[in-house]
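Report on the following structure.
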Amino acid sequence: MGHRYTLFTGQWADLPLEEVAALAAGWGYDGLEIAVSGEHLDAWRWDDDAYVRERLDILERHGLKVWAISNHLKGQAVCDDPIDFRHRSIVGPRVWGDGEPEGVRARAAEEMKLTARLAQRLGVDTVVGFTGSSIWQYVAMFPPVSQDVIDAGYQDFADRWNPILDVFDECGVRFAHEVHPTEIAYDYWSTQRALDAVGHREAFGLNWDPSHFMWQRIDPVAFISDFAERIYHVDCKDTKLRVGGGRNGILSSHLPWGDPRRGWDFVSTGRGDVPWEDSFRALTAIGYDGPISVEWEDAGMDRLRGAPEALAFLKGFDFGPSGASFDAAFEQ
């Protein structure tokens, strides 16, 4: 059996779910990784039977399935410090409320709990998302930051996320944290520290998205092998590096997406520097059998071209291991 391919709907939240489903089905996707964003999913309606059935009916009409849903935007606000104007634009009025920071964090945490309940109602066992981080602002370590401050940041993460993960356990759902700059786990060592902070509990795992490893110079293939038991979901997005020439750096100089002066940019899957074949061989080696989700982000390409092209590209790696050793013929 080959992989199951899904389209992540986060970058399509300006369209109704019905329209996104029709597009994805027409391109040959097997399902959707549905974002709790826009009109696509509302976690606060998790206990509304008619609403849940209506969402599933949309998929069924187009011959699609759902194996994972995501809630990156509200997860971001659970731990973030500062909470400011940036969050108002992503969390929505229900979570934003009056904008008082601790209230925003509390309502974001509540929505993440409800997202686990919604996943259970949809028959889904994985929620993909962000955690936020109270210590990302100190990543440059200047002005100087003591180790006590960093330790407190990981404790803050554990204190805020363990009650959320308790609900995930109750619902039989896992959280797949996307290792990503601005989060509590953003590279190899911070991922180890985050897992330690929550006691390596099963409810907390990882979403493997290689695009964020590439510009940090982290080996995405080794990451799969080293965190094999924690890879709960796979998102496919590509990154093109342009750090040569002595001018372009990895911090990208406050330049907008698509600006050629950036040291790197997200591009449609298959058009960047991710070692996709080695990555898929590594996923096969660890026994990953979950969905392969396409996340389209490319400032230089129309998504109506990028999404079907990415699917066709990834299907080129849809092969399993050999059923026999290549040198078996010599064992006569």
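Please read all numbers here as calculations on a predicted model, not as lab measurements. Scope of the values below: all heavy atoms of this structure, side chains included, with no hydrogens, waters or symmetry mates.
Asp265 contributes a side-chain N or O that, together with a main-chain N or O of Gly258, makes up a donor-acceptor pair within less than 3.5 Å. Judged by distance alone, with hydrogens and angles left aside, the side-chain atoms of Glu100 form a donor-acceptor pair with the main-chain N or O of Glu102 at under 3.5 Å. Formation of a donor-acceptor pair under 3.5 Å by the Asp273 side chain with backbone atoms of Leu241 is found in this model. Of the possible polar contacts, none joining the Asp318 side chain to the Gly2 backbone as a donor-acceptor pair under 3.5 Å is found. Between the side chain of His62 and the main chain of Leu59, no donor-acceptor pair closer than 3.5 Å is present. Remark: side-chain polar atoms of Ser133 are paired, donor with acceptor, to backbone N or O of Trp136 under 3.5 angstrom. Looking at Glu33, its side chain never comes within 3.5 Å of a backbone N or O of Thr6 through a donor-acceptor pair. The main-chain N or O of Arg242 is found under 3.5 Å from a side-chain atom of Asn248 such that the two form a donor-acceptor pair. Checking side-chain atoms of Asn162 against main-chain N and O of Ala158 turns up a donor-acceptor pair under 3.5 Å.
Relative to the six-membered ring of Trp12, Arg303 meets both conditions, a distance below 6.0 Å and an angle of at most 45° to the axis. For the pair Arg94 and Trp96, the cation does not sit on the ring face, since its NZ or CZ is not both under 6.0 Å from the ring centre and inside 45° of the axis.
Under 4.0 Å is where a charged nitrogen must lie from a carboxylate oxygen, and between Arg61 and Asp57 no such pair does. Salt-bridge annotation for Arg193 and Asp151: present, with a side-chain N of the basic residue lying under 4.0 Å from a carboxylate O of the acidic one. In summary, Arg271 and Asp298 do not engage in a salt bridge, as defined by a charged side-chain N under 4.0 Å from a carboxylate O. The pair Arg201-Asp169 meets the salt-bridge criterion, since a charged nitrogen lies less than 4.0 angstrom from a carboxylate oxygen.
Pairs of residues two or more places apart, or lying in two chains, that qualify as salt bridge (charged side-chain N to carboxylate O under 4.0 Å, His left out) and include a residue from residues 111-123 are Asp49-Arg121, Lys74-Glu111, Arg117-Glu170.
Taking the six-membered ring where the residue is Trp, Phe313 and Phe317 present perpendicular rings, their angle passing 60° and hence far from 30°. Using cut-offs of 30° and 60° for the angle between ring planes, the Trp208 and Trp276 rings count as perpendicular. Below 30°, between 30° and 60°, or above 60°: for Phe227 and Phe223 the angle between ring planes is between 30° and 60°, a tilted geometry.
For the pair His3 and Ile292, the minimum side-chain heavy-atom distance is below 4.5 Å. Counting only heavy atoms from C-beta outward, the side chains of Val267 and Thr239 never approach each other to under 4.5 Å.
Surrounding CZ of Arg230 are more than 12 heavy atoms belonging to other residues, nucleotides or ligands, all under 6.0 Å away. Under a cut-off of 6.0 angstrom, the local environment of CD in Glu60 is crowded, with over 12 non-hydrogen atoms contributed by other residues, nucleotides or ligands. Few gaps surround CZ on Arg53; more than 12 heavy atoms of other groups in view lie less than 6.0 Å from it. Summarising the local packing, CD of Glu202 is surrounded by 12 or fewer heavy atoms from other residues, nucleotides or ligands at distances under 6.0 Å.
Asp48 pairs by the side chain to side chain contact (heavy atoms under 4.5 Å, CB included) definition with Arg45, Ala50, Tyr51, not counting sequence neighbours.
Note: His212 NE2 to Asn207 CG = 8.5 Å, rounded to the nearest 0.5 Å.
When ring centroids are compared, Phe266 and Trp257 come within the 6.0 Å threshold. You'll find the ring centres of Phe130 and His72 inside the 6.0 Å limit. When ring centroids are compared, Phe204 and Phe168 stay outside the 6.0 Å threshold.
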